[in-house]
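Reviewing the structure listed below.
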Amino acid sequence: MDKEQVAAVLTEIGTLLELKGENPFKTRAYHNAARTLEGLAEPLDKIVAEGRLGEIKGFGDALVDKITKLVTTGQLPYYDELKASVAPGLVEMLGIPTLGPKKVKKLHDELGVDTIEALEAACKAGKVAVLDGFGEKTQTKILEGIAFKRQFASKHHLHKALAVAQPILESLRQHPDVTRCSTAGSLRRWKETIGDIDFLVSSRQPTEVIEFFVTQPGVLSVSAKGDTKASVIVEGGIQADLRVVSDAEYPFALAYFTGSKEHNIVMRQRAIARGLRLNEYGLFRSTEETRDPALRLPCNTEEDIFRELDLTYVEPELREDHGEFAAAEAGKLPRLLEWTDLRGSLHNHSNWSDGHETLDQIAGHAEGLGLSYWAITDHSRASFQANGLSPERLTQQLADVAAVNQKLADSGTDFRLLTGTEVDILKERLDFPDDLLAQLDVVVASLHVAGSDEADNTKRLIRAAENPHVHMLGHLTGRLLLERNPYPLNQQAVIDACAATGTWLELNASPWRFDLDWRLWHYARSKGVKCVINCDAHRLDHFGYLRLGAGVARKGWLTKADVINTLSLAELRKALKGRKK
DNA sequence: GCCGTTTTCGGCCCGACTGTTTTCAGTCG
């Protein structure tokens with residue numbers, strides 16, 4: 001096993017021990033060891049072979065023995081026995097909000113519950129509410145949690161859908177019988193979560209293309225296969241649909257299948273108002289149902305369709321009926337940000353807190369990608385679970401960043417790391433004093449532990465925005481897509497406070513967050529609030545989130561001028577030092 | 001589980017909220 005696999009086993013052991021009610025310090029030792037492994041710079045098998053595993057802090061005799069067995073043989077009887085002794089349903093139950101190991105254990109011990117279904121039945125029978133430490137509210141929350149999980153089981157995060165779609169799209173593009181092809185639907189509109197993946201192809205040989213599609217690598221099963229369309233289930237349980245049309249129909253089908261439904265309704269209304277009829281097969285000179293090619297207006301691209309309906313081209317991201325028609329009619333749609341405009345990210349983590357890589361590794365990777373800057377904003381002390389930095393460690397880190405930058409300067413490169421923090425917004429104050437914040441290039445203030453009181457959460461965020469050293473607020477609502485709803489919060493009031501104080505707002509580009517939501521950027525932009533698209537990177541492969549975040553920013557109507565991290569390093573330094581209002 | 005030591009077992013361990021309590025356990029980040 002490699003270190004990722006070993007880390008996964010150790011994490012699972014820790015979770016299983018929690019469910020058995022083991023000493024929390026013991027379970028934590030496993031979780032800590034897993035995290036340490038993931039952060040190792042050199043190969044695990046080398047360390048094991050050279051007998052240096054025990055030199056690593058947190059690795060005693062027991063862990064060295066178990067890790068060595070996993071690395072050298074891929075087996076660990078202790079793990080197998082432990083796993084066999086715990087019902088798999090219990091691990092699944094941990095995924096329900098408000099249920100942790102203690103409650104799950106109690107439910108299992110007292111009620112014999114070992115599946116989600118059994119838990120649901122027990123709640124409905126009122127058996128949970130009468131348990132010691134449980135009550136009516138807990139029982140209700142568990143039922144809500146189960147419903148929430150089921151509701152979102154059919155939705156998928158954008159990056160996962162993209163990862164599945166891109167190789168298939170590339171494959172279709174190479175096929176000799178494919179003339180034009182594209183994704184469509186919510187994926188093309190860059191929605192934050194995706195129900196199913198839509199592909200559109202134009203071809204003279206639909207049967208061949210469909211056969212090719214259903215035999216793509218990653219296709220788990222074929223749910224439907226006809227003359228013009230097919231549906232398959234691909235890896236990750238995502239449904240993917242292919243539609244094949246003639247090349248003359250292609251732009252109409254692309255517009256139709258891209259949607260949104262609401263956008264399409266307005267498009268059809270505009271067609272009717274002009275004595276035309278719009279559907280997936282064409283824009284026809286007729287108000288009757290028809291597919292007669294002789295009546296079809298000659299449109300080769302989507303641009304042509306919009307023009308026929310007296311509109312400038314509307315980018316797919318904007319097709320939500322959120323004001324795009326009025327703007328397109330007036331020729332006032334903004335020129336949207338391009339992801340290649342971005343020069344760096346201002347909210348990221350290193351192995352000083354809960355990130356995976358060293359400052360050197362991060363700087364090397366960012367420079368290699370052609371970026372201009374990258375801020376290191378590790379967690380502050382209160383984020384204990386994330387190994388948050390004390391003021392002393394932060395001060396040490398400043399020196400280390402300076403040393404990395406000196407090396408960069410000596411090698412003649414213009415790329416620089418920036419110092420910073422993601423400082424916790426505590427109940428009455430920020431986690432670091434102002435004089436420390438004043439020494440940093442970048443200060444991101446984030447709420448990690450919010451309450452249930454909307455007014456109080458709002459007040460805390462506004463107070464953070466009013467701090468003269470805070471450049472921006474991070475992941476405003478704390479939502480985790482498909483997992484956790486936003487904190488109760490008056491977002492508009494916070495945006496107004498940002499406008500009044502000159503505080504920037506983060507667009508957190510992690511595909512689990514995309515926070516602030518695209519629907520609110522239009523408002524923020526109208527108030528003059530600047531956006532910062534941040535990766536919140538915890539490892540090198542999170543750098544690609546810049547592209548995801550740029551798509552969300554486009555969906556929020558943002559232009560290059562609205563986004564701070566399109567600035568050059570010199571311009572950015574000036575903006576960071578500029579006095580807030 | 002690990003660590004450190006007044007060398008053999010006690011301490012490890014932030015800050016806040018919710019729901020259950022009537023002073024605290026469990027959960028979360």
Side-chain angles (χ1 to χ4, degrees), chain A residues 9-37 53-67 76 78-79 82 93-107 128-142 144-145 349 353-354 378-391 393 422-432 446-454 456-457 460 474-475 477-480 483-488 508 510 512-513 515 536 538:
Chain A
V9 170
L10 295 182
T11 301
E12 196 178 342
I13 290 175
T15 304
L16 293 168
L17 289 175
E18 281 175 357
L19 285 170
K20 302 204 92 172
E22 258 288 2
N23 174 358
F25 296 106
K26 179 173 174 176
T27 64
R28 206 174 63 192
Y30 280 97
H31 287 293
N32 286 344
R35 242 187 48 170
T36 305
L37 281 185
L53 207 49
E55 295 170 17
I56 301 171
K57 188 167 159 57
F59 288 33
D61 293 342
L63 277 167
V64 167
D65 177 55
K66 291 187 173 82
I67 294 169
L76 183 62
Y78 170 78
Y79 167 62
L82 184 62
M93 280 161 62
L94 283 178
I96 299 170
T98 75
L99 284 191
K102 298 275 174 55
K103 286 211 167 99
V104 169
K105 179 169 160 42
K106 192 167 180 87
L107 289 166
V128 171
V130 298
L131 291 179
D132 271 350
F134 291 70
E136 288 292 337
K137 283 195 179 177
T138 307
Q139 183 168 275
T140 308
K141 285 212 160 191
I142 292 172
E144 285 170 0
H349 300 273
S353 65
D354 59 349
D378 278 310
H379 288 282
S380 64
R381 182 172 41 186
S383 280
F384 171 79
Q385 83 290 343
N387 193 24
L389 271 59
S390 63
R393 287 182 66 216
E422 181 187 13
V423 63
D424 259 87
I425 301 173
L426 303 180
K427 196 140 178 68
E428 300 294 340
R429 59 182 173 86
L430 296 181
D431 197 20
F432 286 141
S446 299
L447 192 56
H448 285 110
V449 182
S452 55
D453 185 69
E454 176 181 312
D456 188 49
N457 291 333
R460 286 167 69 179
H475 51 67
T477 76
R479 74 174 178 185
L480 291 178
E483 286 178 18
R484 189 179 69 201
N485 286 322
Y487 310 135
N508 190 296
S510 162
W512 279 274
R513 295 189 181 272
D515 186 7
D536 197 355
H538 287 72

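Numbers restart at 1 for each chain; the letters A, B, ... are given by sequence-line order, proteins then strands.
Taking atom CZ of A:Arg393 as the reference point, atom P of B:dC14 lies 15 Å away to the nearest angstrom. Rounded to whole angstrom, the span from the NZ atom of A:Lys106 across to the C1' atom of B:dG19 amounts to 14 Å. We find that CG of A:Leu63 is positioned 7 Å from P of B:dG1, with the value rounded to whole Å. The separation between A:Asp453 atom CG and B:dA16 atom P is 16 Å, rounded to whole Å. Distance, A:Phe432 CZ to B:dC14 P: 16 Å, rounded to whole Å. At whole-Å resolution of the value, CG in A:Asp61 and C1' in B:dC2 are 10 Å apart. If you take CZ of A:Arg28 and P of B:dG11, they are 15 Å apart, rounded to a whole angstrom. Distance CG (A:Leu430) to P (B:dA16): 12 Å, rounded to an integer number of Å.
By the rule that a glycosidic angle within 90° of 0 means syn, B:dT21 does not qualify and counts as anti.
For B:dT8, there is no paired base (Watson-Crick or G-U wobble, both distances below 3.5 Å).
Looking at heavy-atom distances under 4.0 Å, A:Lys105 makes no contact with the nucleic acid at all. Among the atoms of the strands shown, only primed sugar atoms or phosphate atoms (P, OP1, OP2) are found under 4.0 Å from some heavy atom of A:Ala450. Using a 4.0 Å heavy-atom cutoff across all strands shown, A:Glu136 reaches sugar-phosphate atoms only and no base atom.
Nucleotides B:dT5 and B:dC12 place their C1' atoms 14 Å apart, quoted to the nearest Å. Taking atom C1' on both nucleotides, B:dC14 is separated from B:dT8 by 30 Å, rounded to a whole Å. Remark: the separation of the C1' atoms in B:dG1 and B:dT6 is 24 Å, to the nearest Å. Here, B:dG29 and B:dT23 have their C1' atoms 24 Å apart, quoted to the whole Å. Rounded to whole Å, the separation between the C1' atoms of B:dG26 and B:dT20 comes to 10 Å. Comparing B:dC2 with B:dT7, their C1' atoms sit 16 Å apart, to the nearest whole Å.
Using a cutoff of 4.0 Å between basic side-chain nitrogens and carboxylate oxygens, A:Lys427 and A:Asp456 are scored as salt-bridged.
For A:Asn457 (side chain) and A:Gly451 (main-chain N/O), a donor-acceptor pair under 3.5 Å exists by modelled atom type. Judged by distance alone, the side chain of A:Asp536 and the main-chain N or O of A:Asn508 form no donor-acceptor pair under 3.5 Å. With hydrogens and angles disregarded, a donor-acceptor distance shorter than 3.5 Å links the side chain of A:Ser380 to the backbone of A:Asp424. Using a distance-only test at 3.5 Å, with no hydrogens or angles considered, no donor-acceptor pair links the side chain of A:Arg479 to the main chain of A:Asp515.
Nearer to the 5' terminus of DNA chain B, by closest-nucleotide assignment, is the contact made by A:Leu17 (compared with the other of A:Phe134 and A:Leu17). Each of A:Thr138 and A:Gly58 has a nearest nucleotide on DNA chain B; the 5'-most of these lies closest to A:Gly58.
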Under a 4.0 Å heavy-atom criterion, the protein footprint on nucleotides 23-29 of chain B, written with B, S and -, is ---SSSB
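Neither OP1 nor OP2 of B:dC3 sits under 4.0 Å from any side-chain N or O of A:Lys57.
Side-chain proximity of A:Lys141 to B:dG1, B:dA16, B:dG19: nearest is B:dG19.
A cation-pi arrangement is present between A:Lys66 and A:Tyr78 under the rule of less than 6.0 angstrom and at most 45 degrees off the ring axis.
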Assess whether side-chain hydrogen bond (donor to acceptor under 3.5 Å, both in side chains) is satisfied between A:Thr27 and A:Glu22, documenting all intermediate values. CA-CA 7 Å; A:Thr27 64; A:Glu22 258 288 2; over 6 Å; no
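Counted within 6.0 Å of CD on A:Glu136, heavy atoms from surrounding residues, nucleotides or ligands total 12 or fewer; the atom is thus considered open.
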